[in-house]
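What you see is a predicted model; the values in this text were computed from it and never measured. Atom set for the values below is all heavy atoms of this structure, side chains included, hydrogens, waters and symmetry mates excluded.
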Amino acid sequence: MWDLSSSFVFSENDVGKNRALASLQKLQELNNAVVISTLTTTLTKQKLSDFQAVVFTDISLEKSLEYNDYCHNHQPPISFIKTEVRGLFGTVFCDFGPKFTVFDVDGEEPHTGIIASISNDNPALVSCVDDERLEFEDGDLVVFSEIQGMKELNDGKPRKIKSVRPYSFTLEEDTTNFGTYVKGGIVTQVKQPKVLNFKPLRAALKDPGDFLLSDFSKFDRPPLLHIAFQALNRFICEFGRFPVARSEEDAQKFISIAGNINECLGEGGVEDINPKLLTHFAFGARAVLNPMAAMFGGIVGQEVVKACSGKFHPLFQFFYFDSVESLPVEPLDPIDFKPLNSRYDAQISVFGSKLQKNLEDAKVFIVGSGALGCEFLKNVALMGVSCGSQGKLTITDDDVIEKSNLSRQFLFRDWNIGQAKSTVAASAAVSINPQLKIEALQNRVGPETECVFNDDFWENLTVVINALDNVNARLYVDQRCLYFQKPLLESGTLGAKCNTQMVIPHLTENYGASRDPTEKQAPMCTVHSFPHNIDHCLTWARSEFEGLLEKTPAEVNAYLSNPSEYATAMRNAADAQAKDNLERILQCLEQEKCETFQDCVTWARLRFEDYFVNRVKQLTFTFPEDATTSTGAPFWSAPKRFPRPLQFSTTDPSHLQFIMAASILRAETFGIPVPDWVKNTKMLAKAVEKVIVPDFQPKEGVKIETDEKATSLSTGSVDDAAVINELLFKLERCRNNLPSGFRMKPIQFEKDDDTNYHMDLIAGLANMRARNYSIPEVDKLKAKFIAGRIIPAIATSTAMATGLVCLELYKVLDGAHKVEDYRNTFANLALPLFSMAEPVPPKVMKHRDMSWTVWDRWILSGNPTVRELIQWLKDKGLNAYSISYGSCLLFNNMFPRHKERLDKKVVDVAREIAKEDLPPYRSHLDVVVACEDDEDNDINIPQISVYYR
């Protein structure tokens with residue numbers, strides 16, 4: 001029964017069965033491409049030679065040493081990982097052999113810079129454009145390319161750099177006799193393999209070296225835990241069992257063994273063996289807790305990937321962790337820890353049945369049912385959260401399951417694709433623990449669903465767990481938790497990185513109190529005319545895809561559905577955007593209307609000519625290669641790259657691939673059947689050769705946007721209204737020639753279907769553009785990653801993040817922990833790096849004898865008037881001069897007419913000014929009051945809830 005506290009693959013029906021055999025089917029369901037086998041006989045050393053990596057969990061130290069010796073000395077070495085989770089304590093040991101090569105120590109893309117100048121010096125100073133800060137470090141190796149003038153550096157030879165600054169570095173090379181730098185050049189970091197010499201376990205036990213720290217407030221903890229885990233092994237060998245939970249006698253025996261081991265270490269031992277900590281260790285040693293298993297499963301899973309791939313830096317070599325702060329604060333009676341013969345007995349042996357009852361009766365809201373959400377559901381189901389008669393778990397997610405989700409959202413299977421995430425996840429969680437009381441919703445959490453997630457809903461919650469993938473939704477939930485004073489457990493992942501943040505009422509700052517810097521966006525003119533990296537090309541390609549195949553067909557349909565209403569809207573707008581919309585509709589229905597598949601091929605061929613030939617000719621005509629700016633500087637200086645037009649050829653496979661994808665998708669928008677011959681290269685080439693491509697002559701006076709602050713490429717003019725009327729007249733004439741009921745089919749970009757040609761077209765658009773500007777091209781997978789805006793996500797960091805959060809959930813549901821007991825975490829499994837710290841307390845504001853934080857909300861009952869509200873604040877020494885409700889100004893003492901409102905009820909003024917009825921589920925309204933003290937200093941007071949019924 002104890003296994004049910006930590007393993008999601010077992011049910012109560014499996015009790016008594018072999019663990020490997022009982023888990024096989026459910027593990028196999030996770031991925032049919034992975035063949036899973038079982039071994040239930042005694043494991044021999046020779047059997048290990050079948051594997052690249054082995055992971056040991058429940059095994060004695062003596063057996064570990066024996067197996068590790070074999071793995072370490074095997075040719076080639078077998079990567080050996082040993083891990084244990086004992087109550088709230090855990091450890092990992094890695095030995096990947098005497099000479100293990102790491103090919104990529106951090107998994108980050110090689111850093112690059114665009115060169116602005118290189119001096120003829122010893123050493124040479126290299127300056128880069130101030131477009132982006134350099135991410136290089138002293139000692140990095142770099143290579144140069146595309147340099148004009150100082151061509152000696154274009155030899156591909158890695159060179160060491162030093163004195164790295166934000167936009168420059170020194171090159172350890174004498175360039176005095178090199179050619180003079182003229183322009184251009186890219187500098188790229190070269191990643192160096194790293195060879196690690198792992199010690200075998202036998203040697204590492206005696207000389208562990210530096211431990212990987214997770215919490216700097218516990219810098220002295222790892223050496224003590226190094227002894228504690230050895231002491232536990234010796235206790236089990238001596239007594240044939242684990243220490244009994246809450247047995248003081250067993251704890252003393254355990255402490256004695258640990259003391260003896262410490263004495264034998266001499267100067268290598270610890271000064272204080274910390275009997276209190278070792279007592280906690282002994283009390284919970286038999287239990288494997290789900291949050292600890294999730295955390296260590298994530299860490300070890302990533303180490304296995306490192307062992308098999310050489311990607312990311314392995315854990316070197318011991319890692320120890322504890323979360324004793326998760327234990328209940330108040331002392332409990334030993335009887336509280338007595339087993340109940342339930343699936344939670346392991347957890348009860350550590351935390352007691354009182355906290356278990358709190359877990360079971362908790363009312364929990366999990367927002368999101370993706371990767372984090374699936375892990376959280378599994379964790380809380382195993383922990384027994386919301387499994388009692390008073391408990392309830394609500395999960396919501398408005399998304400459906402996609403194929404790409406299956407790499408990490410482990411509650412979903414192939415046959416669930418297209419179904420609602422929350423419903424499937426809830427059903428899977430109930431199969432893990434049938435006692436779970438769960439309701440699955442498909443609502444997005446936001447202002448528009450406050451009728452669903454109303455005041456009663458929020459007020460009845462015990463805790464909120466975010467499992468979101470965007471900042472705006474996180475900020476909204478944060479504001480709700482702040483308002484209703486509910487704990488919020490926040491986490492997020494990005495590839496191998498993860499972070500957790502605890503938001504605890506009155507103890508910590510809220511999530512929105514600190515913000516990450518906004519991600520830098522490329523200026524519109526850079527994307528459209530002056531790209532200098534593949535990201536710019538893919539951003540442009542995605543924009544063109546959506547414009548041609550989604551927005552324009554949608555605009556066509558909007559016009560055809562109600563021509564007169566559409567025409568009125570365009571005339572009322574009378575701006576450059578309205579003009580552009582009408583021009584695109586007319587172009588689509590008149591000049592570029594397709595009736596046969598050959599028409600679609602013609603359209604695709606002319607698009608190629610427009611994008612990659614004519615536009616480039618116009619750009620280089622307007623700004624020739626020797627053009628200068630108003631200051632006399634070269635116009636085409638870094639980071640700008642001078643483009644060259646392409647020459648279309650049916651013998652170039654990439655050109656034909658572009659035509660095929662573009663014509664197939666164009667045909668789809670017009671409802672034209674796609675013939676089989678389009679996939680035959682020779683027949684497609686013949687169809688393309690039929691297309692007559694008109695000559696192009698660049699025009700004088702064409703305006704091309706070069707202002708990096710410009711937000712639109714469209715330019716308005718005084719004649720917009722007249723042009724719009726002319727376009728509407730032409731459109732009306734064109735509409736009369738269309739078949740009755742004609743509509744187009746807009747295409748929404750879908751990155752995950754490899755047969756729909758969406759990524760083929762986007763990759764084609766981007767790579768042809770990259771070829772124009774001599775930018776390295778990318779394959780379809782890399783294009784999908786960038787254009788699809790895919791956030792890297794892996795199961796390992798997700799499991800670790802949710803495990804860490806659930807260790808904090810114990811503290812929240814105990815309800816008596818101080819801020820110093822909580823932990824926020826940042827971790828990067830690629831390095832690996834673990835950084836834990838206490839949360840930041842909220843900022844305290846004071847006035848007279850009052851103090852408050854962002855968590856406080858002042859309440860005024862009795863349906864007061866505006867005057868009564870002002871007087872209520874006056875009694876606190878606060879002079880109110882302005883009262884707002886949402887975006888509406890209810891009162892300001894600067895406006896004489898507002899004095900008429902003083903004797904009106906606040907709620908009536910709000911109804912009158914906001915011109916809307918207050919929701920029936922709401923019994924109060926929240927106002928923001930601007931106040932001064934008697935010395936005219938502004939005082940930032942809490943929001944005031946005015947109750948009117």
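Using modelled atom types and a 3.5 Å distance limit, the side chains of Thr423 and Gln419 yield no donor-acceptor pair. Thr552 and Arg584 share a donor-acceptor pair across their side chains, judged by distance under 3.5 Å alone. Between the side chains of Asn756 and Glu750, no donor-acceptor pair is found at a separation under 3.5 Å. No side-chain donor from either of Thr798 and Glu375 sits under 3.5 Å from a side-chain acceptor of the other. Side-chain atoms of Asn581 and Gln577 include a donor-acceptor pair closer than 3.5 Å.
A cation-pi arrangement is found for Arg607 relative to Tyr611, the charged atom lying closer than 6.0 Å to the ring centre and inside a 45° cone about the ring normal. Geometric assessment of Lys640 against the ring of Phe530 yields a positive cation-pi assignment under the 6.0 Å and 45° thresholds. No cation-pi contact links Arg771 to Phe612, judged by a cut-off of 6.0 Å to the six-membered ring centre and 45° from its axis. With a 6.0 Å cutoff to the six-membered ring centre and a 45° limit on the axis angle, Lys421 does not count as a cation-pi contact of Phe412.
Shown here is Glu448, whose CD atom has more than 12 heavy atoms of other residues, nucleotides or ligands within 6.0 Å. At most 12 non-hydrogen atoms from other residues, nucleotides or ligands lie less than 6.0 angstrom from CZ of Phe729. Counting non-hydrogen atoms of other residues, nucleotides and ligands closer than 6.0 Å to CG of Asn470 gives a total above 12.
The closest donor-acceptor contact from the side chain of Thr396 to the backbone of Asn443 lies under 3.5 Å. Between the Asp610 side chain and the Leu606 main chain, no donor and acceptor come within less than 3.5 Å of each other. The backbone N or O of Ala787 lies less than 3.5 Å from a partner atom in the side chain of Arg542, making a donor-acceptor pair. Under the 3.5 Å distance criterion, the side-chain polar atoms of His536 are matched with a main-chain donor or acceptor of His532. No donor-acceptor distance shorter than 3.5 angstrom exists from the side chain of Glu625 to the backbone of Phe642, with no hydrogens or angles considered. The backbone N or O of Val778 sits less than 3.5 Å from a side-chain atom of Asn767, completing a donor-acceptor pair. The backbone N or O of Glu402 sits less than 3.5 Å from a side-chain atom of Asn405, completing a donor-acceptor pair. In this structure, Trp636 contributes its side chain and Phe623 its backbone to a donor-acceptor pair below 3.5 Å. A donor-acceptor contact shorter than 3.5 Å is absent between the side chain of Asn572 and the backbone of Ala569. Between the side chain of Ser797 and the backbone N or O of Thr493, no donor-acceptor pair lies under 3.5 Å.
Residue Leu441 holds its CG atom at 11.5 Å from CG of Asp398, rounded to the nearest 0.5 Å. Separation of atoms CG (Leu589) and CG (Asn737) is listed at 10.5 Å; rounding is to 0.5 Å. With rounding to the nearest 0.5 angstrom, the OG1 atom of Thr539 is 10.0 Å from the CD1 atom of Ile534. Atom NZ of Lys751 sits about 10.5 Å away from atom CZ of Arg789, to the nearest 0.5 Å. Atom CD of residue Glu546 and atom OG of residue Ser543 lie 7.0 Å apart, to the nearest 0.5 angstrom. Between the SG atom in Cys734 and the CD atom in Gln591 there is a gap of 8.5 Å [rounded to 0.5 Å].
Closest approach of Thr622 to Val702, counting heavy atoms only: CG2-O, 3.9 Å. Closest of all the heavy-atom pairs between Thr681 and Leu656 is CG2-CD1, 3.4 Å. Contact between Ile704 and Ser529 at its shortest, heavy atoms only, is CG2-OG, 3.6 Å. Contact detail for Ala763 and Ala783: the closest heavy-atom pair is CB-CB, 4.0 Å. The two residues Phe670 and Cys594 make their nearest non-hydrogen contact at CD2-O, 3.5 Å. Across all non-hydrogen atoms, the minimal contact from Ser369 to Gln409 is O-OE1, 4.4 Å.
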**Item:** Chi angles and distances behind the side-chain hydrogen bond (donor to acceptor under 3.5 Å, both in side chains) call for Arg571, Asn725
**Value:** CA-CA 7 Å; Arg571 286 191 180 102; Asn725 278 325; 2.7 Å; yes
**Message:** Evaluate Asp599 against Lys593 for salt bridge (charged side-chain N to carboxylate O under 4.0 Å, His left out), listing each step before the verdict.
**Reply:** CA-CA 8 Å; Asp599 292 342; Lys593 184 170 181 287; over 6 Å; no
**Audit row: Phe545, Leu665, side-chain contact (heavy atoms from CB on, under 4.5 Å) steps and yes/no** = CA-CA 10 Å; Phe545 179 100; Leu665 292 172; 3.8 Å; yes
**Item:** side-chain contact (heavy atoms from CB on, under 4.5 Å) evaluation trace for Arg408 with Ile794
**Value:** CA-CA 6 Å; Arg408 63 207 177 277; Ile794 49 179; over 6 Å; no
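Using a cut-off of 4.0 Å between Lys/Arg side-chain N and Asp/Glu carboxylate O, Arg444 and Asp397 are scored as not salt-bridged. Between Glu583 and Lys579, none of the side-chain N atoms (NZ, or NE/NH1/NH2) sits under 4.0 Å from a carboxylate O, so this pair counts as no salt bridge. Using a 4.0 Å cut-off between charged side-chain N and carboxylate O, Arg666 and Glu668 make no salt bridge. Residues Glu732 and Arg735 are paired through a salt bridge, judged by an N-O separation under 4.0 Å between the basic side chain and the carboxylate. Using a cutoff of 4.0 Å between basic side-chain nitrogens and carboxylate oxygens, Lys784 and Asp779 are not scored as salt-bridged. Look at Glu544 and Arg769 and you find no salt bridge, because none of the NZ, NE, NH1 or NH2 atoms lies under 4.0 Å from a carboxylate O. Salt-bridge annotation for Lys617 and Glu609: absent, with no side-chain N of the basic residue lying under 4.0 Å from a carboxylate O of the acidic one. For Glu590 and Lys730, the salt-bridge test fails: no basic side-chain N is under 4.0 Å from an acidic carboxylate O.
The side chain to side chain contact (heavy atoms under 4.5 Å, CB included) check on Ser774 picks up Arg641, with sequence neighbours excluded. Considering only residues two or more places apart in sequence or on other chains, Gln148 meets the side chain to side chain contact (heavy atoms under 4.5 Å, CB included) condition with Val182, Lys183.
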